[in-house]
Amino acid sequence: MGFWFVLLVIFILCGGGAWLVENLREALRTRHERRLALIRADERRVRELAEASRPPEPPEPVCGCTHHLAIHDKQGMCHAVVEVPTGWDADHKPLAYEPGMCRCQQYVGPQPLSQVWAEDITDKGDG
């Protein structure tokens, strides 16, 4: 037993203890980082499942001119006030703006459901 004790003391005095401690710390640090990565992956999976189970938002009726359907009249003419460029520099970049009407001619976005399909609810005419 004395031989092993002397061998252990020589090992520690020669720096073998520091090597052992450093390797142990590195192994624990690696294990900790892997555990944190697993926890983050679980949280991300739960969040993605919650987002996937949520029903999609209905599409907003937005025109190609980026204005809402409420700003367009029945004929499709846009009534939004926008900034119209009035002056340009040598590189054809606008310098000055003034308020003007949007030049969009027709709304081309998704049609509201009432305009797409409206089935008769009652049988009044069948008597």
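Bear in mind that the values here come from a model prediction, so they are computed numbers and not experimental data. Atom set for the values below is all heavy atoms of this structure, side chains included, hydrogens, waters and symmetry mates excluded.
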Test salt bridge (charged side-chain N to carboxylate O under 4.0 Å, His left out) applied to Arg29 - qualifying residues, sequence neighbours left out = Glu26

message = Working to the nearest 0.5 angstrom, can you tell me the gap between Cys104 SG and His79 NE2?
response = 10.5 Å

inquiry  = So, applying side chain to side chain contact (heavy atoms under 4.5 Å, CB included) with Leu36, which one of Arg40, Glu33, Arg34 is it?
reply    = Arg40

ask   = Just by modelled atom types, is the Lys93 backbone N or O under 3.5 Å from a matching donor or acceptor in the Asp91 side chain?
value = no

task = Could you check if a side-chain atom of His67 sits within less than 4.5 angstrom of a side-chain atom of Cys102, using non-hydrogen atoms only?
result = yes

inquiry  = Is any side-chain heavy atom of Arg103 closer than 4.5 Å to one of Val84?
reply    = yes

request  = List the atom of Val81, the atom of Pro99, and the distance in Å for their closest heavy-atom pair.
outcome  = CG1-CB, 4.0 Å

note = Note: Met101 and Cys78 closest approach over all heavy atoms is CE-O, 4.3 Å

